Amino acid sequence: MKSEPSAFSIEDLKKAENQTTSWDGVRNYQARNFMRDKMRVGDGVLFYHSSANPSGIAAGCSIVREAYPDHTAWDPENIHYDPKSLPEHPIWYMVDVKLIKTCREIISLEKLRKTHGLKNMMVLKKGSRLSVQPVTPDEWKIIMNLPEWE
DNA sequence: GCCAACGTTGGC
DNA sequence: GCCAACGTTGGC
């Protein structure tokens with residue numbers, strides 16, 4: 001799951017209550033479908049800093065609540081307001097994510113590109129903009145064995 | 001349903 | 001700030 005650290009960073013997650021946050025603001029159907037159809041309580045999540053210096057994986061998290069309507073879509077004051085989504089017919093969903101472990105050092109995009117076995121990882125593909133992307137069990141295993149974790 | 005125009009993402 | 005690679009919108 002990608003976030004620009006200027007909007008929400010690993011430091012923000014560390015400070016959050018129960019080190020848990022609702023992943024609101026997703027306004028892309030494919031990303032929504034991943035959250036709604038694939039993410040289950042206990043699933044692992046890689047917290048990725050995008051448009052950062054460097055961009056890369058900042059933490060490992062876990063799903064603690066499955067998809068439920070994203071109420072920020074109903075708030076005209078909210079930057080993610082979407083008048084097409086109504087409380088009686090929600091379009092957008094969010095999940096709750098809890099911090100499990102942090103990286104001593106960001107696992108940078110460059111490092112991911114150099115790591116054997118990750119060649120096909122979606123986030124490494126050109127033009128891969130989706131803010132919620134699947135990670136295969138093999139990719140997960142390789143990443144969890146990198147030395148950057150605490 | 002097609003597709004041009006437009007908006008967004010995100011690495012660089 | 002640039003711009004490639006998308007996704008969305010809306011006229012037809």
Side-chain angles (χ1 to χ4, degrees), chain A residues 1-16 20-39 43-63 66-136 138-149:
Chain A
M1 302 185 94
K2 300 185 196 171
S3 177
E4 299 195 15
S6 57
F8 188 83
S9 73
I10 181 59
E11 295 306 318
D12 295 319
L13 182 56
K14 277 184 193 167
K15 283 181 285 189
T20 297
T21 186
S22 55
W23 205 272
D24 62 29
V26 172
R27 297 292 179 270
N28 171 285
Y29 287 99
Q30 241 186 303
R32 178 205 65 183
N33 293 348
F34 274 125
M35 290 199 296
R36 193 189 53 190
D37 304 337
K38 303 289 184 195
M39 290 184 163
D43 285 351
V45 169
L46 298 171
F47 188 115
Y48 181 91
H49 278 177
S50 59
S51 295
N53 252 313
S55 293
I57 296 165
C61 300
S62 179
I63 300 293
E66 288 172 19
Y68 59 106
D70 181 347
H71 56 80
T72 66
W74 307 330
D75 174 8
E77 304 293 310
N78 194 284
I79 189 170
H80 299 298
Y81 176 59
D82 181 0
K84 294 194 301 302
S85 183
L86 301 169
E88 55 273 31
H89 294 289
I91 297 176
W92 304 115
Y93 288 80
M94 56 192 179
V95 295
D96 287 357
V97 166
K98 183 182 172 69
L99 179 62
I100 301 295
K101 61 195 293 190
T102 52
C103 299
R104 263 186 301 108
E105 174 182 359
I106 297 282
I107 303 173
S108 67
L109 242 198
E110 192 190 359
K111 168 81 184 226
L112 292 172
R113 289 191 201 286
K114 285 193 300 198
T115 301
H116 190 254
L118 299 181
K119 205 148 273 160
N120 293 323
M121 211 179 160
M122 191 184 279
V123 76
L124 301 183
K125 297 256 163 91
K126 196 172 163 187
S128 181
R129 314 182 310 175
L130 211 55
S131 66
V132 180
Q133 305 187 352
V135 177
T136 69
D138 283 350
E139 290 162 355
W140 179 269
K141 224 174 289 173
I142 291 168
I143 288 164
M144 285 302 156
N145 282 319
L146 292 173
E148 280 84 352
W149 296 99

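Only a predicted model underlies this, so the values are computations on that prediction, with no experimental measurement involved. Chain A is the first sequence line, chain B the second, and so forth, proteins listed ahead of strands; every chain is numbered from 1.
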Legend entry - Residues Lys14(A), Glu11(A): salt bridge by 4.0 Å N-O rule: yes
Inset, instruction - Return the set of residues passing side chain to side chain contact (heavy atoms under 4.5 Å, CB included) with Tyr81(A) (not counting sequence neighbours), or none when no residue passes. - result: Pro76(A), Pro83(A)
Legend entry - Those residues that, when tested against Lys84(A), pass salt bridge (Lys or Arg N to Asp or Glu O under 4.0 Å) (two or more places apart): Asp82(A)
Legend entry - With Arg129(A) via side chain to side chain donor-acceptor pair (under 3.5 Å) - residues at least two apart: none
Legend entry - Pairs involving residues 114-125 of chain A, ordered by first then second residue, that meet salt bridge (Lys or Arg N to Asp or Glu O under 4.0 Å) (sequence neighbours left out): none
Legend entry - Where Asp70(A) and Val26(A) come nearest, the two heavy atoms and their spacing: OD2-N, 4.2 Å
Legend entry - Proximity of Trp92(A) and Tyr29(A) rings by center, below 6.0 Å: yes
Legend entry - Contacts of Lys111(A) that satisfy side chain to side chain donor-acceptor pair (under 3.5 Å) - sequence neighbours left out: Glu148(A)
Inset, instruction - Give, for atom CZ of Arg36(A) and atom NZ of Lys38(A), the distance between the pair rounded to the nearest 0.5 Å. - result: 11.0 Å
Legend entry - Test side chain to side chain donor-acceptor pair (under 3.5 Å) applied to Asp24(A) - qualifying residues, sequence neighbours left out: none
Inset, instruction - Tell me what Arg113(A) touches on the nucleic acid: a base, only sugar-phosphate, or nothing, going by heavy atoms under 4.0 Å. - result: sugar-phosphate
Legend entry - Trp74(A): partners by side chain to side chain donor-acceptor pair (under 3.5 Å), with sequence neighbours left out: Ser85(A)
Legend entry - Pairwise salt bridge (Lys or Arg N to Asp or Glu O under 4.0 Å) hits with a residue in residues 93-104 of chain A, at least two apart: none
Legend entry - Strand contacts (DNA chain B) in residues 43-56 of chain A, 4.0 angstrom heavy-atom criterion: Tyr48(A), Ser50(A), Ser51(A), Ser55(A)
Inset, instruction - Kindly calculate the angle separating the two end axes of the helix from dG1(B)-dC12(C) to dC12(B)-dG1(C), each obtained from five base pairs, and round it to 10 degrees. - result: 10°
Inset, instruction - Return the residues of residues 75-92 of chain A meeting this criterion: a heavy atom under 4.0 Å from some atom of DNA chain B. Order them by number, or give none. - result: none
Legend entry - DNA chain B: 5'-most and 3'-most nucleotides touching chain A, 4.0 angstrom heavy-atom criterion: dG7(B) to dC12(B)
